[in-house]
Amino acid sequence: MPELPEVETVVRQLRAVLPGSRFWRVVCRDGRQMLPSARVLRELLPGKVIRDIRRLGKYIIFDLSDDLVMVVHLRMTGMLLLKPSERLKKFIRAEFTFSNAKKMYFSDIRRFGRIWLYRSHEFMDRTGLKKLGIDPLLQKVDLDLLEKVYGQTKGTLKSRLLDQTVIAGIGNIYADEICFAAGLHPASRLEKLTKKDLQKLAGAISACLLEGIRHGGTTIADFVGTRGDAGKHQRYLQVYGRSGEPCYRCYALIKKMRLAGRGTHFCLKCQQLKK
DNA sequence: AGTCAAACCTGGGCGC
DNA sequence: TGCGCCCAGGTTTGAC
């Protein structure tokens, strides 16, 4: 569930608190999620200092001293918490204590999340970061860019929006919201989109992601910030999770279908199907 | 190249 | 109360 705006929210909160901290003790409760292994994390992290925390797509990157990099992907239900709520305590899979007494917890109900620890020259290969496409916050998404990355490809709009090797960071919720904002049906064929469509799409991608960040992310079931605080963006969603409810723009009922293997929400009247 | 389904997991909501 | 079933959706993998 965490997509670019949720991950960005977490990174901003961590950045405000953790850089400069030195790892002191590491407890891993689930080895499956740690790579290359929980033992490597336990043995290599203590003594290392967090130099910087940043984000690429949905990945969180901790640049550490001694040429090490720790990478975290939250996948569906992962969370990095400074203060875990009672409910989330039983899902804590790793616990990081720093020598300044600060703590960071990795909680993950469904255990899809991953934590990697590698040398700086190998983490791009080992984590999948190397395959990521452009990050829409670091690179301006405009008509030029979309023509470049979508120009020669086929397929449905939604499946391309979800493709992390093209544009990194868009997930199911924002993909639906972006399609609505652009006035395009998610099942539209990419090869049928006009220049004007791509123009609208570019604006929609930037606008939807930035608005999600402005609202501190979207909380549907599980996402919370580092202090367990819910985001506010779910109050502003136009189509996701609203099937059967009236469209805010035209009052037609929001529809739901299965597309690219995901629940897909749209307004038939506001979103044009280009086929 | 694209499409699709299954796998990885578990909590929560549903019907009975 | 509780069982069985389905749903959620990020990513990888493998088949067609």
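The sequence lines fix the lettering, A, B, ..., with proteins before strands; numbering per chain opens at 1.
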Output side-chain donor-acceptor pairs under 3.5 Å for residues 249-261 of chain A, partner residues at least two apart or in another chain, one line each.
| unit_1 | atom_1 | unit_2 | atom_2 | d |
| --- | --- | --- | --- | --- |
| A:R258 | NH2 | A:G261 | O | 3.0 |

For residues 122-139 of chain A, which side-chain donor-acceptor pairs fall under 3.5 Å, sequence neighbours excluded?
| unit_1 | atom_1 | unit_2 | atom_2 | d |
| --- | --- | --- | --- | --- |
| A:E122 | OE2 | A:R119 | N | 3.4 |
| A:D125 | OD1 | A:K130 | NZ | 3.2 |
| A:T127 | OG1 | A:F123 | O | 2.7 |
| A:T127 | OG1 | A:L129 | N | 3.2 |
| A:D135 | OD1 | A:R55 | NH2 | 3.1 |
| A:D135 | OD1 | A:L137 | N | 2.8 |
| A:D135 | OD1 | A:L138 | N | 3.4 |
| A:D135 | OD2 | A:R55 | NH1 | 2.6 |
| A:D135 | OD2 | A:R55 | NH2 | 3.4 |
| A:D135 | OD2 | A:G57 | N | 2.8 |

Are A:H233 and A:Y174, when compared by the centres of their aromatic rings, separated by less than 6.0 Å?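 They qualify: ring centres under 6.0 Å apart.
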
Secondary structure of DNA chain C per the Watson-Crick/G-U criterion (both distances under 3.5 Å; [ ] crossing, | other strand, . unpaired) is .|||||||.|||||||

Using the P atom as the reference point in each nucleotide, state the distance between C:dT13 and B:dC9 in Å, no decimals.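 Each nucleotide's P atom is 14 Å from the other's.
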
Using atom P of each nucleotide, how far apart are B:dC8 and C:dC3 to the nearest Å?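 It works out to 24 Å between them.
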
Return no unless some side-chain N or O of [X] is found under 4.0 Å from OP1 or OP2 of [N].
X      : N      : value
A:H73  : C:dT11 : yes
A:R262 : B:dA5  : no
A:K131 : C:dT11 : no

Throw together a table of side-chain donor-acceptor distances under 3.5 angstrom for residues 262-269 of chain A, partners on residues two or more places apart or in other chains.
| unit_1 | atom_1 | unit_2 | atom_2 | d |
| --- | --- | --- | --- | --- |
| A:T264 | OG1 | A:K158 | NZ | 3.0 |
| A:T264 | OG1 | A:R262 | O | 3.0 |
| A:H265 | ND1 | A:D176 | OD2 | 2.8 |
| A:H265 | NE2 | A:G241 | N | 3.4 |

Can you build the contact string for nucleotides 8-14 of chain B? Use B for base contact, S for sugar-phosphate-only contact, and - for no protein heavy atom under 4.0 Å. BBBSS--

Sorted by number, the residues of residues 148-170 of chain A with heavy-atom contact under 4.0 Å to DNA chain B: A:T153, A:K154, A:G155, A:T156, A:R160

Could you tell me if the side chain of A:P19 sits less than 4.5 Å from the side chain of A:I53, heavy atoms only?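 Side chain of A:I53 against side chain of A:P19, heavy atoms only: contact under 4.5 Å found.
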
Taking every non-hydrogen atom, the tightest pair across A:R42 and A:V26: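 Heavy atoms of A:R42 and A:V26 come nearest at CG-O, 3.4 Å.
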
Which atom pair, heavy atoms only, marks the closest approach of A:V71 to A:V69? CG2-CG1, 3.9 Å

Gap separating the OG atom of A:S206 from the CG atom of A:L145, nearest 0.5 angstrom: 9.5 Å

Going through the checks in order, is the ring pair (Phe, Tyr, Trp, His ring centres under 6.0 Å) test met by A:Y105 and A:F96? CA-CA 6 Å; A:Y105 304 84; A:F96 306 90; 9.0 Å; no

Less than 6.0 angstrom from the centroid, inside 45 degrees of the normal: does A:R54 satisfy that with respect to the ring of A:F62?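 So A:R54 doesn't make the cation-pi contact.
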
Parallel under 30°, tilted from 30 to 60°, perpendicular over 60°: which one fits the rings of A:H215 and A:Y236?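 Parallel.
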
